[in-house]
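Beneath this line is the structure, given in structure tokens, with notes to follow.
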Amino acid sequence: MTRREAGAAAGAVLVLLAAAGCTTAAGPGGGAPTVTSAPASPSASGNSHGWSSQRLKGAIAKHTGVTRTAKPNVLNGLVGAVFTRNADGDHFCTASVVDSAGLNLIVTAAHCVWDPKLGQRSDLVFIPGYRNGDTPSGVWPLVAVTVDNGWKDHADPDVDVAFAVVQAQNGQQVQQVLGANKLGVNRGYQLPVRITGYPGSSDVPITCSNNTTEQSPNQVRIDCPDYTGGTSGSPWVTDFDPNTRTGTVVGVIGGYQQGGDSPDTSYSSYFGDRVQALYDRATQ
């Protein structure tokens with residue numbers, strides 16, 4: 001049973017570690033500044049928020065491979081659940097805001113938003129920061145979806161990635177409200193990342209940090225427990241910088257076995273030239 005199928009069976013209808021309460025958000029698209037609150041000034045010693053690089057690495061290592069409830073901070077607020085129509089239904093996938101010139105782009109897995117046999121899934125909404133029925137940052141309808149032709153034609157797992165434009169709300173684009181992570185391509189296979197997503201059986205997100213490894217030239221894997229159905233599309237964020245409050249998305253749960261047939265090991269299509277081309281099409 002694939003990650004996507006597990007989400008359906010559960011009732012679905014269809015970078016790092018932020019240091020001790022330090023909250024974030026944040027681009028390649030050349031858009032407006034994406035920081036939602038001014039970062040604290042570094043101390044005289046060069047530490048940010050009192051955390052040296054060595055202390056930050058130690059904190060990350062302590063929590064490597066441990067899944068826990070994601071705190072409601074700004075970085076996790078860039079991640080949201082994907083629903084059909086509104087928050088009254090079931091959430092079946094995860095997405096996150098990614099930097100773009102239009103300030104209106106999210107990234108997720110292609111299998112969440114496009115069925116090669118049926119085409120684009122309709123009536124989908126992105127609800128960032130969703131918790132226990134609350135929609136603190138609004139409900140953002142998906143209005144345009146971009147997937148690779150390899151996915152459209154034959155569900156190529158090497159391009160199980162999608163970018164979607166979301167509709168402005170109250171005169172503002174989603175990135176203006178929340179900030180955005182950068183897009184990272186051709187970063188290699190071994191990176192420390194943080195993954196945050198929404199299991200279909202839970203109304204709060206989970207998060208886990210670990211190092212990625214190469215599954216194949218076009219696939220990357222990570223070991224983090226309890227990433228069940230609904231977490232497809234969860235962003236893999238690296239290079240979290242507490243000074244600039246930015247991270248870089250280098251993967252999303254998907255790809256091989258549509259994310260994996262075990263909740264303890266997840267996969268992503270490798271973010272290389274094809275993902276860059278896909279991003280370029282989505283932001284034209």
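What's counted below: heavy atoms across the whole structure, side chains too, no hydrogens, waters or symmetry copies. The model shown is predicted, which means the values in this text are computed figures rather than measured ones.
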Identify the two heavy atoms, one from [X] and one from [Y], that lie closest to each other, and give their separation to 0.1 Å.
X	Y	result
T94	P235	CG2-CD, 4.4 Å
L78	G179	CD2-O, 3.4 Å
T69	V204	CG2-CG2, 4.3 Å
P263	T228	CB-CG2, 3.8 Å
V161	F271	CG2-CE1, 3.6 Å
V97	F126	CG2-CE2, 3.9 Å

May I ask you to decide if [Y]'s main-chain N or O and [X]'s side chain share a donor-acceptor pair within less than 3.5 Å?
X	Y	answer
Q257	D261	yes
T231	S234	no
W236	T196	no
Y256	R221	no
Y227	C208	yes
D115	Q120	no
S216	Q219	yes
T212	Y189	yes
S268	V252	yes
Q167	L142	no

So, do [X] and [Y] sit near enough that their side-chain heavy atoms are less than 4.5 Å apart?
X	Y	answer
Q172	L178	no
F92	V82	yes
V113	T108	yes
V165	L105	yes
P192	N210	no
V249	V237	yes
K152	W114	yes
Y267	P157	no

Check the side chains of [Y] and [X] for a donor-acceptor pair under 3.5 angstrom, ignoring hydrogens and angles.
X	Y	answer
D280	Q276	yes
D99	N181	no
D160	Q258	no
T207	R194	yes
T265	D223	yes

* To do: Decide side-chain contact (heavy atoms from CB on, under 4.5 Å) for V275 and Y270; before the verdict, give the C-alpha distance in whole Å, the side-chain angles of both, and the deciding distance to 0.1 Å.
  => CA-CA 8 Å; V275 171; Y270 179 69; over 6 Å; no
What's the separation between atom [atom1] in [X] and atom [atom2] in [Y], rounded to the nearest 0.5 Å?
X	Y	atom1	atom2	answer
L191	T248	CG	OG1	10.0 Å
Q215	S269	CD	OG	11.5 Å
I206	N76	CD1	CG	11.5 Å
Y279	Q284	OH	CD	12.0 Å
S266	I253	OG	CD1	4.0 Å
Q173	L103	CD	CG	6.5 Å

* Find out if a path of hydrophobic residues (ILVMFWY) with successive side-chain heavy-atom gaps under 4.5 Å connects V143 to V107. => yes
* Parallel, tilted or perpendicular, as decided by the 30° and 60° cut-offs, for the rings of H91 and Y198 -> perpendicular
* On the 0 to 90° scale, with breaks at 30° and 60°, tag the F83-Y130 ring pair as parallel, tilted or perpendicular. => perpendicular
* Asked: Does the side-chain contact (heavy atoms from CB on, under 4.5 Å) test come out yes or no for K182 and T238, once each step is laid out?
  -> CA-CA 10 Å; K182 300 176 184 178; T238 193; over 6 Å; no
* To do: Evaluate side-chain contact (heavy atoms from CB on, under 4.5 Å) for D158 paired with W151, printing each intermediate quantity in order.
  => CA-CA 8 Å; D158 292 339; W151 180 264; over 6 Å; no
* To do: For I106 and V98, run side-chain contact (heavy atoms from CB on, under 4.5 Å): C-alpha distance rounded to whole Å, both residues' side-chain angles, the deciding distance at 0.1 Å, then the answer.
  => CA-CA 5 Å; I106 61 174; V98 66; 5.8 Å; no
* **Results of salt bridge (Lys or Arg N to Asp or Glu O under 4.0 Å) for D148 - residues two or more places apart only** => R274
* May I ask you to decide whether R187 forms a salt bridge with D239, counting only side-chain N to carboxylate O separations under 4.0 Å? => yes
* Exceeds 12 heavy-atom contacts within 6.0 angstrom, atom CZ of R281 -> yes
